[in-house]
S.K.: 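The structure follows.
All values reported here derive from a predicted model rather than from experimental measurement. A note on names: the letters A, B, ... follow the listed sequences, proteins ahead of strands, and every chain is numbered from 1.
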Amino acid sequence: MPDGLAGDAVLSSNLDTPGMPHELQKAYDPTAIEDRWAAYWVSERLFHVDSASATSGAKPFTILLPPPNVTGRLHMGHMLNQTEMDILTRWHRMCGDLALWVPGTDHAGIATQMMVERQLDSEGTSRQQLGREAFIERVWEWRRHYGGAILDQMKRLGASVDWSREYFTMDENLSRAVKEAFVRLHEQGLIYRGAYIVNWCPRCQTAISDLEVVHEEQQGKLWEIRYPVIGEHGKPEPGQFLTIATTRPETMLGDVAVAVNPEDERYKHLHGKKLRLPLMGREIPVVTDSWVSSDFGTGAVKVTPAHDPNDFAIGQRHGLESISVMDDTGHINPEGGKYEGLDRYVARKRILEDLDAQGLLGTVREHTHAVGKCDRCKTVVEPRLSTQWFIKIQPLADQAIAAVEHGHIKFTPAQYAKTYFEWMRNIHDWCISRQLWWGHRIPAWHCGKCRQITVARETPAQCAHCGGENITQETDVLDTWFSSGLLPFTVFGWPERTPDLDTFYPTQLLVTGFDILFFWVARMIMLGCHFMLDMPMPDGSERALKDAVPFREVYIHALVRDADRQKMSKTKGNVIDPIETVQKYGTDAVRFTLASMASPGTDIAFSEARTEGYRAFANKIWNAARFIFMNVDRAAEAGIKVDLNAPAPTSDRLEARWIISRLNSVAREVNAMLGEYRFDEAARIVYQFFWGDFCDWYLEIVKLRLDFSESADKAATRAALQTLVATFEAALRLLSPFMPFITEELWHAVYDDKPPAKSIALSRYPQADDRLIDSETEIGMAQLQEIVVTLRALRKDLEVPERELAHAEIKANAWLQSIISPDHEIVTKLARLSGLEFATAWKLSPANSRTTASFTVGLDYEKQIDVAAERERLQKKLEQYEKQLASAERQLNNKAFLAKAPEKIVAGLKRQASETALLRQETLDALEKLKQLA
RNA sequence: GGUCGCUUAGCUCAGUUGGUUAGAGCGCCUGCUUCACACGCAGGAGGUCGUAGGUUCGAGUCCUACAGCGACCACCA
């Protein structure tokens with residue numbers, strides 16, 4: 001018996017209990033069942049696994065939930081992500097793997113701090129008034145109240161995660177691991193602290209990393225400013241200027257030089273000269289630097305090392321001073337002289353006015369350029385000299401590149417590996433310090449005496465350098481992505497070597513959107529490879545890079561857009577709330593929508609019309625169940641019981657052999673597609689199987705066999721019913737990863753609420769048994785279907801009333817006849833015939849007949865047919881056949897084609913040509929007869 | 001500025017290494033209260049695969065150019 005049909009337990013013997021659990025409501029109502037099962041899965045801890053279970057030999061399938069921000073609300077992107085992960089996790093679990101899906105939330109430094117600050121603001125207070133400690137306590141309080149929202153939503157969606165492992169990135173154990181990681185990197189010389197140009201958000205008042213800056217094209221201005229040249233005697237030479245161009249004139253307050261390209265002929269006479277910085281009055285040198293391009297602006301660039309990364313580099317090369325002219329809030333500081341206290345944009349305006357007044361303002365040009373904004377609050381970022389902590393990224397990046405290059409990590413779709421390499425190869429050191437309060441505080445202590453820094457795992461009693469006891473902890477916290485980058489191993493107990501770590505690391509798969517490819521995925525790869533390389537393997541041997549990676553595969557999914565392909569955003573007001581949609585259509589329908597649209601590489605335009613269709617699908621499943629249960633109950637009354645544990649019902653019936661063959665073919669395809677993350681294909685295949693094969697054909701045919709009358713062959717009825725129930729049960733398992741709720745409900749009902757396992761999720765996924773895939777039966781059935789469809793079409797053309805039965809004749813080859821004969825009642829029933837006769841000579845008129853490549857069928861029905869319309873139809877057919885024939889013959893007469901094309905193609909084309917020729921002849925004959933008729 | 005992707009039926013999308021007559025869902029048209037389902041059943045219409053070249057016996061599929069759309073990366077003031 002194939003797994004596809006294997007029931008692990010007896011179908012309950014209580015089926016004669018009059019219909020109790022089998023009594024399903026007429027229409028499927030997801031709200032009536034989903035909450036119940038969602039709660040059941042959680043309370044029964046069905047998806048809990050531990051490392052001890054690994055000894056059973058099951059292969060671990062570990063997957064880490066990309067932790068949503070603790071402040072987050074579930075959106076469609078989450079739901080897509082979670083649906084994909086859940087399908088895969090459920091599938092692996094049902095395939096017998098040790099499937100572990102670990103959930104958690106991210107403390108999300110800036111986002112959470114902003115949220116609580118807003119709250120404080122509405123209460124008329126602020127974090128500064130509260131003080132650091134009280135503020136942090138307040139954030140924790142916020143988290144206790146609201147932090148679980150997104151995971152509660154996730155529970156409602158039925159995600160089969162191990163809730164006993166739920167983590168929060170600020171948990172004690174994870175915080176300890178973060179500290180450990182920081183200290184180790186520091187010991188290894190991979191963390192340094194220093195004053196460099198960083199991206200500063202004046203609103204958040206913290207440094208942010210390059211990645212947190214989003215560039216936006218903006219229409220701005222390029223101002224030219226004339227800097228007076230100082231002559232021999234220390235005085236400006238009248239009429240002598242060096243004109244620079246800038247987009248940020250306010251930074252001129254901090255200028256320390258003007259740079260020109262050494263090759264630039266226009267300025268060679270100024271090399272070594274000094275300039276008078278307007279408004280500030282100090283003398284600044286003209287320096288030469290090959291970085292300056294002569295063809296941009298005026299070819300002369302003001303040098304402000306404290307406010308621009310390029311200028312900073314120039315400053316370093318030329319030993320220039322750096323003058324910071326702005327404070328943390330983007331206001332001019334005392335270095336800005338009379339502009340002190342002004343907001344940067346107010347200062348800009350004032351400065352331009354003053355320059356203009358002095359006649360030093362040159363041409364002003366429109367200039368489109370990319371402006372960096374804070375990813376979080378969209379404030380224009382100020383590049384600014386600031387003392388921060390950095391990770392020396394190159395050594396980590398090298399290893400992370402190697403891991404992907406050597407195939408230790410596989411990307412799906414593969415093109416994302418390119419994007420990854422592109423970024424990794426152009427990476428800059430990572431600024432990991434943030435001037436926030438909410439986050440992992442950097443484990444470094446400043447000495448009040450010698451000013452040196454002590455980095456330590458525990459609060460040190462004294463300075464490691466001078467022994468001074470007046471030490472205070474660094475106030476900065478770490479970038480949130482630093483801690484989340486460690487998660488693949490810290491959630492399993494790192495830095496300890498735990499059984500969990502031995503069992504579940506590396507995780508198998510990461511499922512995520514490309515938007516956090518660099519933020520998170522790349523960082524996990526770098527940090528995972530770096531830290532886990534030092535962790536011995538479970539058997540104690542040394543770990544190689546291939547086993548140090550945080551995951552073996554990365555599946556990058558699409559972005560969910562609205563039905564008009566617009567990005568969903570709060571400001572556009574086009575955000576589709578998954579929970580609302582779920583309440584409207586049911587979780588299963590929404591999940592199925594997402595899965596069926598999740599084809600790799602393209603964004604998903606989420607459309608409710610589609611979800612409506614999948615709710616109809618769920619309703620279809622529901623009603624198939626009602627039909628089956630109704631018959632099981634009728635059978636019980638007739639003393640017929642089905643036993644899912646009995647050997648496979650061997651039936652000679654065409655439809656039985658066919659549906660079992662189809663089930664196995666489909667199981668094979670679905671398993672293959674899920675293995676390739678083709679959720680769309682997998683969903684399409686099960687949908688088509690259930691609706692198309694199972695309901696439209698098999699159920700209709702099986703109705704013929706469900707004869708419960710006294711005179712009936714009980715064994716045959718029993719066999720038919722058994723195949724029906726067993727196939728349905730297997731189909732439920734096949735569908736279960738996609739639609740966990742409805743399949744759970746119906747699966748329990750199939751077993752009369754005495755199922756062999758606590759959940760369908762713990763049953764086995766159907767696996768194909770090749771011996772049961774019978775292609776001859778499948779082809780035969782396809783032929784039979786074609787006969788039925790042709791007859792139905794004919795009925796329609798002849799306008800046979802729906803209720804009326806018609807007599808049919810058929811002409812077919814011996815093989816097809818042998819297929820149909822024993823089961824011709826199938827045709828009779830489905831095509832609503834009073835009888836089907838195998839004809840030797842064809843007597844029916846062409847208007848009453850249809851010919852295909854393998855058979856001719858006709859209806860013995862009198863109707864005044866429209867000869868003209870019929871002739872037109874045949875004429876159209878004829879044209880089509882002739883075109884096809886011509887094309888086929890052209891190819892078959894082509895010597896090059898015959899010589900080069902594979903035999904299979906040539907043979908196929910020959911067969912097609914002869915079939916088409918036959919059809920053409922039949923059509924010609926029919927037209928001829930029609931002429932006589934007229 | 002660099003990189004990558006997309007363009008197939010009215011709409012949303014499939015189409016595996018080039019191979020015989022390009023598919024699905026929704027929508028549309030026609031008929032049907034057929035005792036599981038009108039969230040249904042049955043039948044049907046609808047596509048010169050963005051444009052122009054090229055490679056090939058053969059191109060929706062590979063190459064080039066162009067057009068349109070989109071995304072990501074970026075320290076030219």
S.K.: For the P atoms, the ones on C66(B) and on G23(B), what distance do you get once it is rounded to whole angstrom?
M.R.: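 About 34 Å, rounded to a whole number of Å.
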S.K.: So how far is it from Leu898(A) CG to Glu903(A) CD, rounded to the nearest 0.5 Å?
M.R.: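 Answer rounded to 0.5 Å: 11.0 Å.
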S.K.: With both distances under 3.5 Å as the test, what is the Watson-Crick or G-U wobble partner of U34(B)?
M.R.: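 Base partner found: none.
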S.K.: What does Pro383(A) touch in the nucleic acid at a heavy-atom separation under 4.0 angstrom: a base, only the sugar-phosphate, or nothing?
M.R.: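 Since no nucleic acid heavy atom lies under 4.0 Å of Pro383(A), the category is nothing.
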S.K.: Students often get this wrong, so: under 4.0 angstrom with heavy atoms, is Trp622(A) touching a base, only sugar-phosphate, or nothing?
M.R.: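 Trp622(A): no heavy atom of the nucleic acid under 4.0 Å.
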S.K.: Show your working on ring-ring contact (aromatic ring centres under 6.0 Å, His included) between His367(A) and Phe296(A) and close with a plain yes or no.
M.R.: CA-CA 12 Å; His367(A) 180 62; Phe296(A) 186 89; 5.7 Å; yes
S.K.: Does C6(B) have a Watson-Crick or wobble mate here (both distances under 3.5 Å), and if so which one?
M.R.: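 The answer is G68(B), by the H-bond criterion.
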S.K.: Closer than 3.5 angstrom, by distance alone: can the side chain of Arg591(A) be matched with the main-chain N or O of Phe738(A) as a donor-acceptor pair?
M.R.: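 A pair under 3.5 Å: yes.
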S.K.: Among the nucleotides C37(B), A71(B), A77(B), which one has an atom lying closest to any side-chain atom of Asn623(A)?
M.R.: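 Within the option list, the nearest is C37(B).
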S.K.: Are Lys883(A) and Ser887(A) side-chain neighbours, meaning at least one heavy-atom pair lies under 4.5 Å?
M.R.: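 The answer is no; the side chains never approach within 4.5 Å.
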S.K.: Rounded to whole Å, please give me the gap between CD in Glu217(A) and P in A74(B).
M.R.: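 Going from CD in Glu217(A) over to P in A74(B) covers 14 Å.
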S.K.: Return the CD1 to CD distance between Ile628(A) and Glu729(A), rounded to the nearest 0.5 Å.
M.R.: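 The CD1 atom of Ile628(A) sits 11.0 Å away from the CD atom of Glu729(A).
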S.K.: When all nucleic acid strands are considered with a 4.0 Å heavy-atom cut-off, which category describes Ala605(A): base, sugar-phosphate, or nothing?
M.R.: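 Sugar-phosphate: the residue Ala605(A), judged by heavy atoms under 4.0 Å, touches backbone atoms but no base.
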S.K.: In whole angstrom, give the distance that lies between atom CD of Glu915(A) and atom C1' of U21(B).
M.R.: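 Taking CD of Glu915(A) and C1' of U21(B), I get 11 Å after rounding.
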S.K.: Are there more than 12 heavy atoms of other residues, nucleotides or ligands under 6.0 Å from atom NZ of Lys829(A)?
M.R.: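 Yes.
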S.K.: What is the distance from CZ of Phe518(A) to P of C73(B), rounded to the nearest Å?
M.R.: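 From Phe518(A) CZ to C73(B) P: 6 Å.
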S.K.: Tell me what Leu222(A) touches on the nucleic acid: a base, only sugar-phosphate, or nothing, going by heavy atoms under 4.0 Å.
M.R.: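 The residue Leu222(A) makes no contact with any strand.
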S.K.: Checking contacts here: which listed nucleotide (A77(B), C41(B), A74(B)) is nearest the side-chain heavy atoms of His215(A)?
M.R.: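 Selected nucleotide (nearest to the side chain): A74(B).
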S.K.: So which nucleotide from A77(B), G19(B), A36(B) ends up closest to the side chain of Glu700(A)?
M.R.: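 From the listed options, A36(B) comes nearest.
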S.K.: Is Arg610(A) near enough to C26(B) that one of its side-chain N or O atoms lies under 4.0 angstrom from OP1 or OP2?
M.R.: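 No, outside the criterion.
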S.K.: Separation of Arg684(A) atom CZ from G25(B) atom P, in whole Å?
M.R.: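 The answer, rounded to whole Å, is 10 Å.
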S.K.: Which sits closer to the 5' end of RNA chain B, Met673(A) or Gln880(A), going by the nucleotide each is nearest to?
M.R.: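 Counting from the 5' end, the first nearest nucleotide belongs to Met673(A).
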S.K.: I need the single residue from Arg348(A), Lys302(A), Arg344(A) that forms a side chain to side chain donor-acceptor pair (under 3.5 Å) with Thr251(A). Which is it?
M.R.: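 By the side chain to side chain donor-acceptor pair (under 3.5 Å) criterion, Thr251(A) pairs with just one of Arg348(A), Lys302(A), Arg344(A): Lys302(A).
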S.K.: With rounding to whole Å, what would you report as the distance between A9(B) and U48(B) at their C1' atoms?
M.R.: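 Nearest-Å result for A9(B) against U48(B) at atom C1': 13 Å.
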S.K.: Does any donor-acceptor pair link the side chain of Thr419(A) with the base of C4(B) at a separation under 3.5 Å?
M.R.: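 Absent.
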S.K.: Would you indicate which nucleotide in G43(B), A74(B), A36(B) comes nearest to any side-chain atom of Ala793(A)?
M.R.: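 Nearest to the side chain of Ala793(A) among the choices is G43(B).
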S.K.: By nearest atom, which of the nucleotides G40(B), G43(B), C72(B) is closest to the Ala616(A) side chain?
M.R.: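 Comparing G40(B), G43(B), C72(B) against the side chain of Ala616(A), the answer is G40(B).
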S.K.: Tell me: CZ of Arg615(A) to P of C26(B), nearest whole Å?
M.R.: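 So the two atoms are 13 Å apart, to the nearest Å.
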S.K.: So what's G18(B) paired with, Watson-Crick or G-U wobble, going by both distances under 3.5 Å?
M.R.: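 Matched G18(B) with nothing under the 3.5 Å cut-off.
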S.K.: Going 5' to 3' through nucleotides 30-35 of chain B, assign each nucleotide B (protein heavy atom under 4.0 Å from a base atom), S (under 4.0 Å only from sugar-phosphate atoms) or - (no protein heavy atom that close).
M.R.: BBS-B-
S.K.: By the 4.0 Å heavy-atom rule, please label Arg795(A) as base, sugar-phosphate, or nothing.
M.R.: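 Touches nothing.
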S.K.: Once you apply a heavy-atom cut-off of 4.0 Å, does Lys703(A) come out as touching a base, just sugar-phosphate, or nothing?
M.R.: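 Result for Lys703(A) = base.
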S.K.: Under 4.0 Å, heavy atoms only, any strand: does Ala609(A) hit a base, just the sugar-phosphate, or nothing?
M.R.: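 It contacts sugar-phosphate atoms only.
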S.K.: Using the C1' atoms only, state how far U33(B) lies from A42(B), rounded to an integer number of Å.
M.R.: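 Going atom to atom, C1' in each nucleotide, I get 15 Å.
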S.K.: So, OP1 or OP2 of A36(B): does either fall under 4.0 Å of a side-chain N or O from Trp691(A)?
M.R.: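 Result: no.
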S.K.: Pick base, sugar-phosphate or nothing for Ser607(A), based on heavy-atom distances below 4.0 Å to the nucleic acid.
M.R.: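 Nothing: the residue Ser607(A), judged by heavy atoms under 4.0 Å, touches no strand.
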S.K.: Sort out the partner of C62(B) for me: Watson-Crick or G-U wobble, both distances under 3.5 Å, none otherwise.
M.R.: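 WC or wobble partner is G54(B).
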S.K.: Taking the side chain of Ile905(A) as heavy atoms from C-beta outward, which of A36(B), U21(B), G19(B) is closest to it?
M.R.: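 Ranking A36(B), U21(B), G19(B) by closest atom to the Ile905(A) side chain puts G19(B) first.
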S.K.: If G27(B) has a Watson-Crick or G-U wobble mate with both distances under 3.5 Å, name it; if not, just say none.
M.R.: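 Paired with G27(B), as far as the under-3.5 Å criterion goes, is no nucleotide at all.
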S.K.: Measuring only the P atom in each nucleotide, how far is U20(B) from C37(B)? A whole number of Å is fine.
M.R.: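 Approximately 42 Å lies between the P atom of U20(B) and that of C37(B).
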S.K.: Just compare A14(B), G19(B), G43(B) and give me whichever is closest to any side-chain atom of Pro902(A).
M.R.: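 Looking only at side-chain atoms, Pro902(A) lies closest to G19(B).
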S.K.: Looking only at side-chain atoms of Phe627(A), point me to the closest of C73(B), A36(B), A14(B).
M.R.: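 Minimum distance to the Phe627(A) side chain belongs to A36(B).
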S.K.: Just by distance, with hydrogens left out, do Asn199(A) and Asp210(A) show a side-chain donor and acceptor under 3.5 Å apart?
M.R.: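 Yes, Asp210(A) and Asn199(A) have a side-chain donor paired with an acceptor closer than 3.5 Å.
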S.K.: Quick one: the side chain of Lys620(A) and the base of C37(B), do they pair up donor-acceptor inside 3.5 Å?
M.R.: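 Looking at the base of C37(B), it does pair with a donor or acceptor on the side chain of Lys620(A) (distance under 3.5 Å).
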S.K.: Between Ser596(A) and Gln912(A), just flag the one whose closest nucleotide in RNA chain B comes earlier from the 5' side.
M.R.: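 Per heavy-atom nearest nucleotide, the more 5' residue is Ser596(A).
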S.K.: Rounding to the closest angstrom, what is the interatomic distance between U21(B) and G2(B) at atom C1'?
M.R.: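 That atom pair is separated by 45 Å.
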S.K.: How far, in whole Å, is C6(B) from U64(B) if one measures between their P atoms?
M.R.: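 That atom pair is separated by 14 Å.
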S.K.: Phe897(A) has a side chain; which of G19(B), G15(B), C39(B) sits nearest to it?
M.R.: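 My answer, after comparing the listed nucleotides, is G19(B).
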S.K.: Counting distance only, does the side-chain N/O of Thr412(A) pair as donor-acceptor with the main-chain N or O of Ala414(A) below 3.5 Å?
M.R.: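 No: the side chain of Thr412(A) does not pair with the backbone of Ala414(A).
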S.K.: Please determine, by modelled atom types, if Ser596(A) and Asp680(A) share a side-chain donor-acceptor pair under 3.5 angstrom.
M.R.: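 Asp680(A) and Ser596(A) do not have a side-chain donor-acceptor pair below 3.5 Å.
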S.K.: Please determine if a side-chain N or O atom of Arg634(A) lies less than 4.0 Å away from the OP1 or OP2 oxygen of A36(B).
M.R.: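 For A36(B), OP1/OP2 do not have a side-chain N/O of Arg634(A) under 4.0 Å.
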S.K.: How long is the line joining CD1 of Ile604(A) and C1' of A14(B), in whole Å?
M.R.: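 Checked: the CD1 to C1' distance equals 14 Å.
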S.K.: Return the OH to CE distance between Tyr614(A) and Met597(A), rounded to the nearest 0.5 Å.
M.R.: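 The distance works out to 8.0 Å.
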S.K.: With heavy atoms under 4.0 Å as the rule, sort Asp515(A) into base, sugar-phosphate or nothing.
M.R.: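 Nothing, no heavy atom under 4.0 Å.
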S.K.: Considering only the P atoms, how many Å lie between A45(B) and A52(B), rounded to the nearest integer?
M.R.: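 It comes out at 28 Å once rounded to the nearest Å.
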S.K.: For residues Glu212(A) and Ser209(A), is any side-chain donor paired with an opposing acceptor at under 3.5 Å?
M.R.: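 The answer is yes; a qualifying pair exists.
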S.K.: Provide, to the nearest angstrom, the distance between the CZ atom belonging to Phe679(A) and the C1' atom belonging to A24(B).
M.R.: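 It is 19 Å, rounded to the nearest whole Å.
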S.K.: Can you tell me which nucleotide in G43(B), G19(B), A77(B) comes closest to the side chain of Arg792(A)?
M.R.: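 Of the options given, the side chain of Arg792(A) lies nearest G43(B).
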S.K.: Could you work out the separation of G60(B) and G19(B) based on their C1' atoms and round it to a whole Å?
M.R.: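 It works out to 13 Å between them.
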